[in-house]
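What follows is a short report on a single structure.
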Amino acid sequence: MNHVLKKYCPRIEFDSYEDFFENFKINVPEAFNFGFDVVDEWATVEPEKRALLWCDDHGEEKTFTFTDISRLSNRVANAYREMGIGKGDVVMAILRRRWEYWINAVALCKLGAILIPASLQLTTKDVVYRGTSAEIKAMVCVNDDYVCGQAEAAFDQIPSLEHHIVVAGEREGWTPFTDLLANPNESFERPTGEAGVTSKDIMLIYFTSGTTGNPKMVQHNFAHPLGHILTAKYWQQVEEDKLHMSVTDSGWAKFGWGKIYGQWIAGATVFAYDMDKFIATNLLQKVQDYKLTTFCAPPTMYRFMLQEDVAAYDLSSVHNFATAGEPLNAEVNIQWERLTGKKIHEGFGQTEGPVLIATFPWIEPRPGSLGKPSPLLNIKLLDENLNEVEDGEEGAICVTGLKSAYPPGLFVGYYKNPEKTYEAVGTDVYNLHDMVWRDSDGYISFVGRDDDVIKCSGYRIGPFEVESALVAHPAVVECAVTAAPDPIRGKVVKATIVLAKGYEPSDALVKELQNHVKKTTAPYKYPRIVEFVDELPKTIGGKIKRKLIRTQDGVEEE
């Protein structure tokens, strides 16, 4: 039985979803620290336990045990301490999927410093905004001309910035990360007193990738990794000592969901593929060659993998396929099961928390459904007056009961913004503003963000249902359904579509797709406007920017 997991969960095995929902508990210590209580604990009880298997597109491969991660993170923590970085100091990391990310994150955790994971796509303006807003003290960047160039142009505009550290090579004006790794001191005692951390101290900040306006600083405390036991053990269904892969860059919250916290608490080995760019066939080859046991990728990647010959790859080692990031269209799940024999287990959540709704092991996946609520979070579907809705009615996903039992893993507000923090989580209810409905069996289906729902000729049309209908047509790889202005109806449904291989835009194809939607769902929901594009606009986190499409089309927000 898993040694570390048992320390925090009184029960690990459950007989049914109802048993799991009612009886699953997480014990949160007063001073939990992932670096000491998970990484160092595994290194102590199972010194040779494999933590990380890393590879890239250039033939490099590295394996790290928990002992390796413990030892190297201690060196880096000591080096940071000599630089003057300690509890509460903020460090921003732009590291792609480099193996150094894991060592750096654990080192900062042990110090009690605050980590900001950031994306490779940030411009100088983005770096300046993040750096000044969070008052970062150090930056750690992968040795990439674009990434380092954007950062260097920002240096003088961030008054708090003292250190620039580069990973994977050397660069003028930067401290090589190898210097930190070379620190001779491999012992790092757990800080106590004022230098020690409690579970309520801030450990992690994510900048949300909003479609407009400046992103907010979502703050998580040191208890946050414990919340991802739900994500890793019970949704992704990771297995101890087996390889798990989540496809994500280290700058996204999904990296925390799938590549470090819950996976290591559960004793799984993280498989990290540092791809130069996403190529569907390369990813399928890695799953086959390394015989992965559990696998998670966003819906877009499943859609593009399905454009290839999936049946030509041996994916039989995978016990569980999972997805999150955007709702999964039913047709994708149906096709994937036909080709692999396994359904995809969907999960739903936000940067602000762990998995909130999912297809857990005791639940049969239903194409088009997110699954059922996670325990501990008191999920309710509420109307605009915060009254619970009936089955079949639309409601907003809300985490309730915050005053009586604040769930581990849920964000604790917005960094340096008490007003927004109170507005979000200062009362008993945190409203995600994602609209869903529940059927009589308790399965929850996605409708759309409350500001994405289209109001047309007296109807409310959820974009996800129309998108799912379109994706069921072989010509469509992915699409975004939004409102577009109309002089008579006020607003009509518009579909922005990326075509599959072998299809070309035409008036005949537009008509065919419109008729397909009319036959698949209620006829009034069909897109009266169809636009073909090479790619959809997306946030840094990979979510479709429907709001940007609406703005470009001149739709006024209500």
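Along the sequence shown, residues carry numbers from 1. The figures here come from the full heavy-atom set of this structure, side chains too, leaving out hydrogens, waters and symmetry mates. Fair warning: this is a prediction, and the values are worked out from it, not measured in the lab.
For the 3.5 Å distance criterion, the side chains of Thr65 and Glu48 fail to qualify, holding no donor opposite an acceptor. Checked by atom type, the side-chain pair Glu22/Tyr17 shows no donor-acceptor distance below 3.5 Å. Using modelled atom types, one finds no donor on one side chain facing an acceptor on the other under 3.5 Å when comparing Asn104 with Glu100.
With respect to the salt-bridge test (charged N to carboxylate O, under 4.0 angstrom), the residues Asp249 and Arg98 do not qualify. The residues Lys49 and Glu240 are annotated as salt-bridged, a charged nitrogen and a carboxylate oxygen being separated by less than 4.0 angstrom.
Note on ring orientation: taking the six-membered ring where Trp is involved, the planes of Tyr206 and His220 are perpendicular (angle over 60°, cut-offs 30° and 60°). Relative ring orientation between Tyr234 and Trp362 is described as parallel, the plane-to-plane angle staying below 30° on a 0-90° scale split at 30° and 60°. Using the six-membered ring where Trp is involved, Phe66 and Trp264 have ring planes that are perpendicular, over 60° apart on the 30 and 60° scheme. Ring planes of Tyr302 and Phe295: perpendicular class, angle over 60° (limits at 30 and 60°).
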*Begin from the C-alpha positions of Lys200 and Glu30 and carry the test salt bridge (charged side-chain N to carboxylate O under 4.0 Å, His left out) through to its verdict.*
CA-CA 8 Å; Lys200 293 184 178 179; Glu30 187 176 337; over 6 Å; no
*Evaluate the criterion salt bridge (charged side-chain N to carboxylate O under 4.0 Å, His left out) for residue pair Arg81 and Asp89; output intermediate values, then yes/no.*
CA-CA 11 Å; Arg81 180 178 278 171; Asp89 289 326; over 6 Å; no
*Can you list the steps and then say if Asn23 with Asp19 is a side-chain hydrogen bond (donor to acceptor under 3.5 Å, both in side chains)?*
CA-CA 6 Å; Asn23 298 307; Asp19 182 22; 2.7 Å; yes
*Under the ring-ring contact (aromatic ring centres under 6.0 Å, His included) criterion, do Tyr290 and Phe271 qualify, and how do the steps go?*
CA-CA 9 Å; Tyr290 283 90; Phe271 176 77; 4.7 Å; yes
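Residues that satisfy the side-chain hydrogen bond (donor to acceptor under 3.5 Å, both in side chains) test with Glu82, not counting sequence neighbours, are Asn183. Residues passing the side-chain hydrogen bond (donor to acceptor under 3.5 Å, both in side chains) test with Asp40, sequence neighbours excluded: Ser70, Lys110.
Smallest separation of non-hydrogen atoms from Cys109 and Met203: SG-SD, 3.8 Å.
Evaluated for a side-chain hydrogen bond (donor to acceptor under 3.5 Å, both in side chains) with Arg96, the options Asp144, Asp276, Asp274, Asp56 yield exactly one hit, Asp274. Checking each of Lys137, Met139, Met92 against Leu161 for a side-chain contact (heavy atoms from CB on, under 4.5 Å) leaves exactly one that passes, namely Met139.
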